[in-house]
Student: 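Sharing a structure below in structure tokens format, with a few things to ask.
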Amino acid sequence: MGLAKLWKYSGGLLSNLAAVVHHQHKQHFVFSCFQSPSYGASPSPSQSRRPISWTCICGFMLFALGLISLFTGHVASNVEWYSQRIVKRNWFYKMDGSHRASIDIWKSRYSSFYYGCSERGPHFTERGPHFSSAVRERFSNGYLLIATSGGLNQQRTGITDAVVVARILNATLVVPELDHHSFWKDESDFSNIFDVGWFISYLAKDVTIVKRVPEKVMMSMEKPPYTMRVPRKSEPEYYLEQVLPILLRRRVLQLTKFDYRLASDLDEELQKLRCRVNYHALRFTKPIRNLGQKLVFRMRKMEKRFIAVHLRFEPDMLAFSGCYYGGGDKERYELGEIRKRWATLPELSPDEERTRGKCPLTPHEVGLMLRALGFNNDTYLYVASGEIYGGEKTLQPLRELFPNFYTKEILAGEELQPFLPYSSRLAAIDYIVCDESDVFATNNNGNMAKILAGRRRYMGHKRTIRPNAKRLSALFMARDKMDWATFSRKVKSCQRGFLGEPEENRPGRGDFHEFPSTCICKKPFNLSNFTSKENKYQISRRNPTVSESRYRYLSNSSNLEQRSSQKFSEGSLRDRHGSLIDEIDPDNPLSD
């Protein structure tokens, strides 16, 4: 806003200057750059000055405009740098001026001032009844069947939203059906990945959940369950106006391809319900939890703290992105053939996609980013990934940057054998290790990156690094033209605001699953607590112990205080069949 005013003000000055000069020229008052005597008679004072041509005046104006453009261009090119200093900061950032100091790459010094808060609201508020207990099965509006879509984490978002939709509709939710037909062809059911008993009991006060529609209800139905697909990111009003009448009439309704079918911005209590589902109710089965914790234990036994990296550099991801990584005709042919599986994908310019920051970083670039941020080559790295395009040759530069390189295959050995045929169960093991890591670095903004970023914020703002790919891509292309110190300084500048600091979590920013601001609360300010915690931070920078890490996922819940709440008012909706939109599904088939 300040730059716009400066530009407008400067333009006004120059315009006024030109008008004055033009007026004075008409009145025979002129400027001069120098005096020049006339030949012959002695010149009069008015004749001794030579008028300036309009060319000179225009040149002066262009010069002034050039200076202003240079200044505004400098500010625009460093807008992120300035924003770190101009933006309004929280009290603890102002207190010690630490926003000017270097950032601890392992842990945010202010994470202890926040905590996850998703408890159910009170039954009565100043405005009356508010959030009721779950409606009983026999009094509900019907049974809601959900068919999820995509990989493990995409399905996780669908399951979370399914519970909220059931709450909105006052419906009984049937345990969601997982996707068996997507790219991964995983035959796992809900009970193979998540603890069904825990899921049902934990949410009992919010939504009634059953394993299947009762036989007597199915036998009494004249027609099979009605199937429909709702538009992406539909508001609660859409479900009440378009979906509820069908549910009331048919008693059993199935929603298909259910991922991101509910708006991101909801009422506060519904957002908190999302958090209770995602961060507490969706607990992995005991075999998955046990193996995941074994891997965390083995990593911490070798080194107290470690980084987990989600590379997402599989052939399908690269083909879908439309990016090019220098592999010549062989790469273009191989990825082009994979890309043909999705006929609706548009033709993309690899150079433009990279400039826009839409291309996943290579493993080598991820390693360079981490080293530039300050992680040494003796840092222990856990790599969560499927089949890497290019195999060991692609991974070799990352291994050289971080020799202490581990994967679930290396750590688990034969113990991984029962999980190998199931991609979602393998992804769940990676999820546990990435969540428990001291630092989590993503390579793209896919579903696993978003879900884990949100969870790590909720569980204490553990350091989460998301590449600022748009700015980093230009740096990587020019890295041979600068020394390492310059490159490192520029990477650190690019990544400010992308390191998982508490101040990044602002209401309304991004997708709720990535930025669950409604479910994150500040602790009451206490100066003595601040001072003692700051001293403790400077002295020890304590990390989780092995025993703390081992048992966290085995319990994986906090005993949230469950209070009575108000029942949603059931408006008298007429039984009308509104128009249903079954749009061409624009989902990314490769979302993890």
Student: Ion pair present between Asp206 and Arg120, side-chain N to carboxylate O less than 4.0 angstrom?
Tutor: yes

Student: So, are Glu269 and Lys272 salt-bridged, with charged N and O less than 4.0 Å apart?
Tutor: no

Student: Work out which heavy atom in Leu335 is nearest to a heavy atom in Cys323; give both atom names and the distance.
Tutor: CD1-O, 4.3 Å

Student: Do the side chains of Leu395 and Leu311 get nearer than 4.5 Å, heavy atoms only?
Tutor: yes

Student: Show the nearest heavy-atom pair for residues Pro350 and Cys359, with the distance to one decimal.
Tutor: O-SG, 4.2 Å

Student: Does Lys470 NZ have over 12 foreign heavy atoms under 6.0 Å away?
Tutor: no

Student: Supply the atom-to-atom distance Leu266 CG to Phe512 CZ, rounded to the nearest 0.5 angstrom.
Tutor: 8.0 Å

Student: Over all heavy atoms of both residues, which pair between Val309 and Leu370 is shortest? Give the atoms and the distance, please.
Tutor: CG2-CD1, 4.0 Å

Student: Can you tell me if Glu514 uses its side chain to pair, donor with acceptor, with the backbone of Ala453 under 3.5 Å?
Tutor: no

Student: From Arg261 CZ over to Thr157 OG1, what is the distance, rounded to the nearest 0.5 angstrom?
Tutor: 10.0 Å

Student: Quick one: OG1 on Thr442 to CZ on Arg466, what's the gap to the nearest 0.5 Å?
Tutor: 7.0 Å

Student: Report the relative orientation of the aromatic rings in Tyr458 and His280; use parallel for angles under 30°, tilted for 30 to 60°, perpendicular for over 60°.
Tutor: perpendicular

Student: Between Arg276 and Ala281 (side chain of the first, backbone of the second, donor and acceptor by atom type, cut-off under 3.5 Å), is there such a pair?
Tutor: no

Student: Is there side-chain contact between Leu282 and Val277, with at least one heavy-atom pair below 4.5 Å?
Tutor: yes

Student: Given the rule in the side-chain contact (heavy atoms from CB on, under 4.5 Å) test, do Tyr431 and Asn153 qualify, once you have shown the distances and angles that lead to the verdict?
Tutor: CA-CA 9 Å; Tyr431 182 101; Asn153 294 287; 3.5 Å; yes

Student: Looking at Glu314 and Arg312, is there a salt bridge between them, counting it only when a charged N and a carboxylate O are closer than 4.0 Å?
Tutor: yes

Student: So does Ser264 get a backbone contact from the side chain of Arg274, meaning a donor-acceptor N/O pair under 3.5 Å?
Tutor: yes

Student: Kindly compute the distance separating OG1 (Thr148) from CG (Asp259), expressed to the nearest 0.5 Å.
Tutor: 8.0 Å

Student: Has the side chain of Asn192 got a donor or acceptor atom that lies under 3.5 Å from a matching backbone atom of Asp189?
Tutor: yes

Student: Do the non-hydrogen side-chain atoms of Ile168 and Tyr238 ever get within less than 4.5 Å of each other?
Tutor: no

Student: May I ask you to say whether Asp438 pairs ionically with Lys462, meaning some side-chain N is under 4.0 Å from a carboxylate O?
Tutor: no

Student: Go through the steps for Ser385 and Phe313 under the test side-chain contact (heavy atoms from CB on, under 4.5 Å), then give the verdict.
Tutor: CA-CA 8 Å; Ser385 178; Phe313 204 73; 5.7 Å; no

Student: Does a side-chain heavy-atom distance below 4.5 Å link Ile451 with Arg156?
Tutor: yes

Student: Check the SG atoms of Cys117 against those of Cys519: under 2.5 Å or not?
Tutor: no

Student: Hey, what do you get for CZ (Arg300) to CZ (Arg305), rounding to the nearest 0.5 Å?
Tutor: 10.5 Å

Student: Starting from the C-alpha separation in whole Å, work towards a yes-or-no answer on ring pair (Phe, Tyr, Trp, His ring centres under 6.0 Å) for Phe375 and Phe402.
Tutor: CA-CA 9 Å; Phe375 294 102; Phe402 293 96; 7.4 Å; no

Student: Given Val163 and Leu173, is the side-chain contact (heavy atoms from CB on, under 4.5 Å) satisfied, shown in steps?
Tutor: CA-CA 7 Å; Val163 174; Leu173 178 67; 3.8 Å; yes

Student: Could you check whether Asp265 pairs with Lys233 (Lys NZ or Arg NE/NH1/NH2 to Asp/Glu carboxylate O, under 4.0 Å)?
Tutor: no

Student: Just how far is it from atom OH of Tyr406 to atom OH of Tyr382, taken to the nearest 0.5 Å?
Tutor: 13.0 Å

Student: Does a salt bridge link Asp430 with Lys408, judged by any charged N lying under 4.0 Å from a carboxylate O?
Tutor: yes

Student: Please check: side-chain N/O of Asp186 versus main-chain N/O of Ser424, any donor-acceptor pairing under 3.5 Å?
Tutor: yes

Student: Could you tell me whether the side chain of Arg283 reaches within less than 4.5 Å of the side chain of Tyr202, counting heavy atoms only?
Tutor: no

Student: Do Arg298 and Phe306 form a cation-pi contact, if we require the NZ or CZ to be under 6.0 Å from the six-membered ring centre and within 45 degrees of the ring's axis?
Tutor: no

Student: Taking the side chain as every heavy atom from C-beta outward, state whether Ser108 and Phe113 have any pair of such atoms under 4.5 Å apart.
Tutor: no

Student: Between Glu331 and Tyr325 (side chain of the first, backbone of the second, donor and acceptor by atom type, cut-off under 3.5 Å), is there such a pair?
Tutor: yes

Student: Between Asn376 and Asp378 (side chain of the first, backbone of the second, donor and acceptor by atom type, cut-off under 3.5 Å), is there such a pair?
Tutor: no

Student: Would you check if Tyr143 and Arg212 make a side-chain contact, meaning some heavy-atom pair closer than 4.5 Å?
Tutor: no

Student: Asp435 vs Leu452, test: side-chain contact (heavy atoms from CB on, under 4.5 Å). Steps then yes/no.
Tutor: CA-CA 7 Å; Asp435 181 39; Leu452 270 171; 3.7 Å; yes

Student: Is it true that a side-chain atom of Arg339 and a backbone atom of Phe320 form a donor plus acceptor pair closer than 3.5 Å?
Tutor: yes

Student: Could you check whether Arg425 makes a cation-pi contact with Phe419, meaning its NZ or CZ is under 6.0 Å from the centre of the six-membered ring and within 45° of the ring axis?
Tutor: no

Student: If you look at every heavy atom in Pro360 and Leu318, which pair is closest and at what distance?
Tutor: CG-CD2, 4.3 Å

Student: So, applying salt bridge (charged side-chain N to carboxylate O under 4.0 Å, His left out) with Glu501, which one of Arg496, Arg463, Arg457 is it?
Tutor: Arg463

Student: State whether the side chain of Arg341 and the backbone N or O of Asp316 hold a donor-acceptor pair below 3.5 Å, judged by distance alone.
Tutor: no

Student: Output yes when a side-chain donor or acceptor of Ser473 lies under 3.5 Å from a complementary backbone atom of Arg354, and no otherwise.
Tutor: yes

Student: Restricting to non-hydrogen atoms, name the atom on Thr172 and the atom on Ser140 that form the minimum distance, rounded to 0.1 Å.
Tutor: OG1-OG, 2.9 Å

Student: Where do Ala428 and Leu152 come nearest, in terms of heavy atoms and distance?
Tutor: N-CD2, 3.5 Å

Student: Would you mind reporting whether His310 and Asn443 have side-chain heavy atoms less than 4.5 Å apart?
Tutor: no

